[in-house]
Protein chains: 4
Amino acid sequence: MVFSQPIDVRFADLDALAHVNHAVIVSYLEHARTQWWRGLLEGRPFEAEGFLMARVEVDYRKSIQLGDAVVVELRCVHLGRTSFTLAYRVVREEDSAVLAEARTVQVMVDFQTMRPRPLGPQVEAWLKTQQ
Amino acid sequence: MVFSQPIDVRFADLDALAHVNHAVIVSYLEHARTQWWRGLLEGRPFEAEGFLMARVEVDYRKSIQLGDAVVVELRCVHLGRTSFTLAYRVVREEDSAVLAEARTVQVMVDFQTMRPRPLGPQVEAWLKTQQ
Amino acid sequence: MVFSQPIDVRFADLDALAHVNHAVIVSYLEHARTQWWRGLLEGRPFEAEGFLMARVEVDYRKSIQLGDAVVVELRCVHLGRTSFTLAYRVVREEDSAVLAEARTVQVMVDFQTMRPRPLGPQVEAWLKTQQ
Amino acid sequence: MVFSQPIDVRFADLDALAHVNHAVIVSYLEHARTQWWRGLLEGRPFEAEGFLMARVEVDYRKSIQLGDAVVVELRCVHLGRTSFTLAYRVVREEDSAVLAEARTVQVMVDFQTMRPRPLGPQVEAWLKTQQ
């Protein structure tokens, strides 16, 4: 994968089953994606080149426990006209176990009009380096 | 749909784009599912008949704003040997707009051994009434 | 108390001790405060008459469990020049047990300049009815 | 301060004002406290030497933004018979600005009976090194 984000598991991420709640893992993906996107933004605000989430799918393989050292890896697997698709692996560092796999679809949005807009040449060129 | 759960949108559910964060919508599904499951549990603890999440997929159609009256509807769409699948619609009450659609797969688990177990006759019979 | 907000306890609010996480109770206060403040806003956006949090203090008396019917009650206990103080009680409906008590201090802010501003006559008059 | 925990600010921590939500900062304190407590536990489960939260107070000085490098510092400021008090500073690394100050009171609990219990000699001795 082209990008890798360590996750600092917090006590508040656990639910009553004493593992990381499955919805929080969706936030882990978001955290990785946000950090990764800074590579494109290079200091510009998110509104300059921003997207909305169109779809999330996650397959949960193993529980994440407090104290686990966890990494979210991602890469771009599809470019559309106004959207792009990312694939993720959530990996436990200790033994490289895959804890979850995921895909998300993002739609580029003009934050003035809140309407979809084409990726544009800069985003497209950058995403091609992220496959 | 066979079950419908009103959601009380909280300020804390919003993210920096001033709409409900997409991961929080996964928690809305969970809230509906948990309330629905009480119909089976009839006062027994969750560990008596519990499951783990195996898969979540959500298609986000429209943003949810603070002040929106939102309902999560669900029904059972598939019964496996150890798992079952639920389908959801997140609906805005004002105009019945579908804000999100989702599916989740749950695996019944023996919380002593943490291993999958068959649905069993009681769960299977109940789920068949929830389709 | 002058305002009372029922709270819909979500599974995601629980932590690994299987009770509502203490930080989530701070979000319950926020939810009550946000709903209460709509009585002043009367449809105007939050930015029209908004505040930032300056201080929170909570005394936790009893755990909140999933399935508890919980209400947050609040009233205004102090008006300053640019700030006001609210007092809260988190109450279990079944037996009126006080689960938590809290106080928060809010500072009115001009969201153009992000600087404190006086309450102003309208906010002051309204808060006096909320004591 | 005797202990210092870097915080990885997540997009999901922001609220509609595009800064870290004030309740999430209470979770930051918890994360620091949990990591710090592992120094006592030395691999034992939390239930072996665990506590419940009795009180939280936070003074918010400055907003935390996405991208801020933030550290939570803590130390023990009071030992009671069954409880102890921690003081915290949330500090921005770039300029050492204090973003929040806080205190929390924890009560040692016997997780069999869910009743308070004395600190005991081991916890007391360790806490004295954490002042």
Side-chain angles (χ1 to χ4, degrees), chain B residues 4-53 56 58 64-72 74 86 88 90 93-94 104 106 111, chain C residues 4-53 56 58 64-72 74 86 88 90 93-94 104 106 111:
Chain B
S4 176
Q5 175 65 41
I7 299 294
D8 205 6
V9 177
R10 301 175 189 162
F11 183 79
D13 297 342
L14 307 179
D15 65 20
L17 300 176
H19 61 197
V20 174
N21 184 264
H22 74 294
V24 174
I25 294 170
V26 177
S27 292
Y28 288 180
L29 306 179
E30 177 184 57
H31 183 50
R33 188 171 58 242
T34 308
Q35 297 293 89
W36 164 75
W37 193 247
R38 295 170 75 173
L40 168 74
L41 287 174
E42 294 183 323
R44 291 175 298 164
F46 181 74
E47 289 74 19
E49 298 280 12
F51 50 76
L52 294 182
M53 302 308 295
V56 167
V58 188
I64 306 179
Q65 313 293 329
L66 193 65
D68 282 352
V70 170
V71 167
V72 175
L74 70 82
L86 300 176
Y88 307 78
V90 183
E93 290 198 282
E94 186 188 2
T104 62
Q106 295 72 219
F111 282 96
Chain C
S4 177
Q5 174 65 41
I7 299 293
D8 205 6
V9 176
R10 302 175 188 163
F11 184 78
D13 298 342
L14 306 179
D15 65 21
L17 300 176
H19 61 197
V20 174
N21 184 264
H22 74 294
V24 174
I25 294 171
V26 177
S27 293
Y28 288 0
L29 305 179
E30 178 185 57
H31 183 49
R33 188 171 58 241
T34 308
Q35 297 293 90
W36 164 75
W37 193 248
R38 294 170 74 174
L40 169 74
L41 288 175
E42 294 183 324
R44 291 176 298 164
F46 181 74
E47 290 73 20
E49 298 280 12
F51 49 76
L52 295 181
M53 301 309 294
V56 167
V58 187
I64 305 178
Q65 314 293 329
L66 192 65
D68 282 351
V70 170
V71 167
V72 175
L74 70 81
L86 300 175
Y88 307 77
V90 182
E93 291 197 282
E94 186 188 2
T104 61
Q106 294 72 218
F111 282 96

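Letters A, B, ... mirror the listed sequences (proteins, then strands); counts begin at 1.
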Value rounded to 0.5 Å, distance of CG in C/Leu86 from CG in C/Leu74: 5.5 Å
Residues C/Asp15 and C/His22: side-chain donor-acceptor under 3.5 angstrom: no
Quick one, C/Arg44 with C/Glu49, criterion salt bridge (charged side-chain N to carboxylate O under 4.0 Å, His left out). Give me CA distance, side-chain angles, the key distance, then yes/no. CA-CA 8 Å; C/Arg44 291 176 298 164; C/Glu49 298 280 12; 3.6 Å; yes
Hey, does C/Leu14 have a side-chain heavy atom less than 4.5 Å from the side chain of C/Asn21? no
Separation between CG (C/Asp13) and CD1 (C/Ile64), nearest 0.5 Å, reads 9.0 Å
Heavy-atom pairs under 4.5 Å with chain B - which of C/Val24, C/Ile7, C/Asp8 has more of them than the others? C/Asp8
Quick check: do C/Val90 and C/Leu29 have side-chain heavy atoms less than 4.5 Å from each other? yes
Distance-minimising heavy-atom pair for B/Gln106 and B/Phe51: CG-CD1, 3.5 Å
Relative to chain C, which of B/Glu30, B/His31, B/Arg10 shows the most heavy atom pairs under 4.5 Å? B/Arg10
Considering only heavy atoms, which portion of C/Tyr28 lies under 4.5 Å from any heavy atom of chain B: side chain, backbone, both, or neither? side chain
Neighbours of chain B found in residues 32-39 of chain C - heavy atoms under 4.5 Å: C/Thr34, C/Arg38
